[in-house]
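Step one of this worksheet: look at the structure below.
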Amino acid sequence: MADNEPAPPPGNAGGSLNFIHQIIEEHNKTGRFAGRVCTRFPPEPNGYLHIGHAKSICLNFGTARRYGGRCNLRFDDTNPEKEEQEYVDSIMEDVRWVLSGTLPAGRTDPWDGLYYASDYFDQLYEWAIVLIKKGKAFICDQTPDQVRETRGTPNKPGTNSPFRDRSVEENLKLFEGMKNGEFPDGSRTLRAKIDMAHANINLRDPVLYRIMRATHHRTGDKWCIYAMYDYAHGQSDSIEKITHSICTLEFEHHRPLYDWFINELGIYHPQQIEFSRLNLTYTVMSKRKLLLLVKDKHVRGWDDPRMPTISGLRRRGYTPEAIRAFCERIGVSKYEGTIEMAWLEDALRDDLNKKAQRRMAVLRPLKVVIENYPESQTEELDAVNNPEDPSAGSRKVPFGRELYIERTDFMEDPPKGYFRLSPGKEVRLRWAYFLKCNGVIKDAAGNVTELRCTYDPATKGGNAPDGRKVKGTIHWVSAAHAVPAEVRLYDHLCKVPFPEDVPEGQDFLVNLNPNSLEVVTAMVEPSLHFSPLPPGEGSGVRVGDKFQFERLGYFSVDKDSTPGKLVFNRAVTLADTWAKMEKKGNRQ
RNA sequence: UGGGGUAUAGUGUAACGGUAGCACAACUGACUCUGGAUCAGUUUGUCUAGGUUCGAAUCCUAGUACCCCAGCCA
């Protein structure tokens with residue numbers, strides 16, 4: 001994909017071509033486009049991009065890159081009622097981010113051309129006149145209801161509009177009147193004159209232009225008629241000399257209509273190729289549904305880390321490399337399946353395991369007092385920053401008489417196979433000493449509030465000179481030095497793998513996971529403190545910095561952080577064999 | 001009694017008439033100062049029924065299942 005990025009590991013895509021690349025290579029062989037490859041990514045600026053768009057971005061930009069071609073970013077902004085500049089801005093930011101690190105030196109934008117369908121409004125209007133003059137389009141005065149009623153159904157042909165046989169002169173005059181604002185919104189349309197009995201409903205005299213007085217984010221109030229997507233899209237591709245117009249499956253039966261326009265107009269003919277859109281378990285992926293989640297405040301915004309949006313994934317802690325690896329792994333086909341969320345999560349773990357420095361953080365603290373450790377003593381111990389990357393070096397972590405450990409790392413009455421701390425048992429404190437539990441202090445309700453332990457001074461660094469082994473190693477932070485931090489623990493947005501599968505009359509909202517966000521106050525090691533300074537200035541962590549909290553998962557510094565308060569998002573947990581064993585035990 | 005698509009392990013994706021492979025998941029085991037990572041191994045598959053062929057996931061015929069289409073949305 002990129003010059004400075006290693007080739008993807010031999011996954012399912014390794015070595016073999018996806019069906020789109022096969023088609024392109026066939027075209028290159030036969031000279032259909034003279035060896036030229038030009039693709040485009042054509043979002044409508046009516047919402048934020050999601051992981052499904054990332055698949056399309058990787059496909060379109062990756063294909064262009066692969067064949068030495070070009071890829072445009074084009075905003076299909078033909079419906080001013082739904083489109084906003086905010087969305088344009090977010091889309092550009094997200095495309096840049098997904099592709100960041102893959103660009104040749106000196107380039108900031110991944111697109112070879114930045115276009116808007118609104119750039120072509122004048123040309124589209126001229127072409128409409130051409131169609132009218134050819135007798136291939138007419139002004140229709142039917143109401144929306146009448147249009148619907150006369151369109152027929154999949155099983156029943158439609159009937160001709162009574163306005164279908166207006167003269168060319170009258171059509172021309174009325175169309176100009178439409179453009180000049182002489183008629184009210186919705187009172188007339190320009191329609192193609194094709195075949196009201198066509199088996200493909202898209203060819204039953206589709207609407208080309210509607211009257212709509214809405215301020216367009218780019219053309220302002222210049223127009224009060226707007227082309228329909230179907231009329232604009234194919235010609236936009238044609239204008240840009242797109243060779244391979246890659247889109248999702250639902251546009252397959254629009255292709256004959258696009259071809260009809262191109263042929264009637266006698267203009268350059270791109271090749272449209274359809275692939276199946278991405279579906280993921282435990283989430284929803286349509287802009288309509290995501291908009292609903294935002295508008296009705298089921299989540300905290302488009303970039304809520306539970307959202308499958310690119311901005312949500314970014315905030316959660318995903319890296320562009322992980323997103324790209326995921327898109328590479330899932331492949332491209334026309335089969336409409338659903339990818340398991342575990343694939344996405346695995347891609348992130350795979351990336352961050354190599355890159356993220358390790359830190360110790362205790363999510364649900366349980367106090368430990370080491371009775372044989374001197375009262376006022378503290379010391380600094382060496383901790384390796386990343387065992388996968390020696391160049392990451394090491395750091396000092398403070399140790400003292402009082403510590404916090406994870407509540408789940410202690411059990412008073414442990415089951416077989418539990419090798420963390422329990423009365424009389426010994427564990428290793430990561431990078432520190434062996435620790436043995438001698439007593440348990442409880443509150444009136446019987447909850448464990450504190451552990452009384454002893455340590456073995458001879459095991460400093462984590463190894464026993466007598467060669468004795470411990471099975472468990474647990475993480476900890478020194479109570480005297482610990483820094484409280486807000487940690488947001490995320491779970492799947494939806495509580496079932498296929499949230500759209502609901503009984504009649506219900507919608508996916510019933511399947512939202514009520515426990516998708518849990519907020520805890522964790523204790524983290526003091527090397528983690530927030531810096532508001534730009535990267536490179538002073539010490540501390542910045543928004544977006546990622547760490548592995550040992551044994552817990554990967555965490556990213558959230559933008560809500562302030563110098564007085566760190567906020568982390570849990571991007572993904574670590575694989576947890578013990579949790580799996582427990583789950584299996586419970587099932588029996 | 002419409003049209004357009006798609007069917008290969010649990011999930012995706014290869015194989016383009018010649019040993020059904022890979023990844024994720026699951027399960028074993030090894031190793032480990034993260035029950036992480038890593039390594040080794042195991043289980044599970046060509047929608048069905050016929051046909052052509054020495055040989056079929058692939059070609060033919062007939063079925064079956066699922067998806068999309070009746071916006072002046074994209």
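Side chains are part of it too, since the values below use all heavy atoms of this structure and drop only hydrogens, waters and symmetry mates. So that the names make sense, note that chain A is the first sequence line, chain B the second, and so on, each numbered from 1.
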| task | Answer yes or no on whether A:Arg40 is positioned over the face of A:Tyr115, meaning its NZ or CZ is under 6.0 Å from the six-membered ring centre and within 45° of the axis. | result | no
| Within 45° of the ring axis of A:Phe547 and under 6.0 Å from its six-membered ring centre, is that where the NZ or CZ of A:Arg359 lies? | no
Side chain of [X] only, heavy atoms from C-beta on: which candidate in [options] is closest?
{"X": "A:Glu550", "options": "B:rU34, B:rA26, B:rC73", "value": "B:rU34"}
{"X": "A:Gln22", "options": "B:rA14, B:rA25, B:rC16", "value": "B:rC16"}
{"X": "A:Trp343", "options": "B:rU34, B:rG12, B:rA74", "value": "B:rG12"}
{"X": "A:Asp346", "options": "B:rC73, B:rA14, B:rC24", "value": "B:rC24"}

| field | Shortest non-hydrogen separation from A:Pro80 to A:Thr215 and the atoms involved | value | CB-O, 3.7 Å
| task | With pairs defined as Watson-Crick or G-U wobble and both distances under 3.5 angstrom, please note down RNA chain B as a dot-bracket string, | for pairing with another strand. | result | .((((((..((((....[..)))).(((((.......)))))....(((((..]....))))))))))).....
| field | Test log, rule side-chain contact (heavy atoms from CB on, under 4.5 Å), inputs A:Leu552 and A:Glu406 | value | CA-CA 10 Å; A:Leu552 297 173; A:Glu406 209 68 60; 3.9 Å; yes
Less than 4.0 angstrom between a side-chain N/O of [X] and OP1 or OP2 of [N], yes or no?
{"X": "A:Arg210", "N": "B:rC73", "result": "yes"}
{"X": "A:Lys580", "N": "B:rA26", "result": "yes"}
{"X": "A:Arg288", "N": "B:rA74", "result": "no"}
{"X": "A:Thr143", "N": "B:rC72", "result": "no"}

| N-O pairing of A:Glu525 and A:Arg395 below 4.0 Å | yes
| said: Apply side-chain contact (heavy atoms from CB on, under 4.5 Å) to residues A:Val384 and A:Arg358 and explain how you reach the verdict. | reply: CA-CA 8 Å; A:Val384 170; A:Arg358 316 282 121 128; over 6 Å; no
Once you apply a heavy-atom cut-off of 4.0 Å, does [X] come out as touching a base, just sugar-phosphate, or nothing?
{"X": "A:Thr281", "value": "nothing"}
{"X": "A:Glu44", "value": "sugar-phosphate"}
{"X": "A:Asn463", "value": "base"}
{"X": "A:Thr189", "value": "base"}
{"X": "A:Glu26", "value": "nothing"}
{"X": "A:Tyr226", "value": "nothing"}
{"X": "A:His254", "value": "base"}

| request: Pick the P atom in B:rG21 and in B:rA9, then give their distance to the nearest Å. | output: 14 Å
| task | For nucleotides B:rG3 and B:rG45, find the distance between their C1' atoms and express it as a whole number of Å. | result | 32 Å
Does the gap between the ring centers of [X] and [Y] come in under 6.0 Å?
{"X": "A:Trp578", "Y": "A:Tyr418", "value": "yes"}
{"X": "A:Phe138", "Y": "A:Phe163", "value": "no"}
{"X": "A:His216", "Y": "A:Phe121", "value": "yes"}
{"X": "A:Phe399", "Y": "A:Trp431", "value": "no"}

| query | Base, backbone or nothing for each nucleotide of nucleotides 35-45 of chain B, written B, S, -, heavy atoms under 4.0 angstrom, 5' to 3'? | reply | BBS--------
| said: Base contacts versus sugar-phosphate-only contacts with protein, heavy atoms under 4.0 Å: please encode nucleotides 2-7 of chain B as B, S and - from 5' to 3'. | reply: BBSSS-
| What residue pairs, at least two apart or across chains, pass salt bridge (Lys or Arg N to Asp or Glu O under 4.0 Å) with a residue in residues 277-290 of chain A? | A:Glu250-A:Arg277, A:Lys289-A:Glu500
| said: Tell me which pairs pass salt bridge (Lys or Arg N to Asp or Glu O under 4.0 Å) where either residue lies in residues 201-211 of chain A, with sequence neighbours left out. | reply: A:Arg164-A:Asp205
| query | For B:rG71, does the glycosidic angle fall within 90° of 0 (syn) or outside that (anti)? | reply | syn
| request: Apply salt bridge (charged side-chain N to carboxylate O under 4.0 Å, His left out) to A:Lys460 and list each qualifying residue two or more places apart in sequence or on a separate chain. | output: A:Glu379
| Toward the 5' end of RNA chain B, by each residue's nearest nucleotide, A:Arg430 or A:Pro43 | A:Arg430
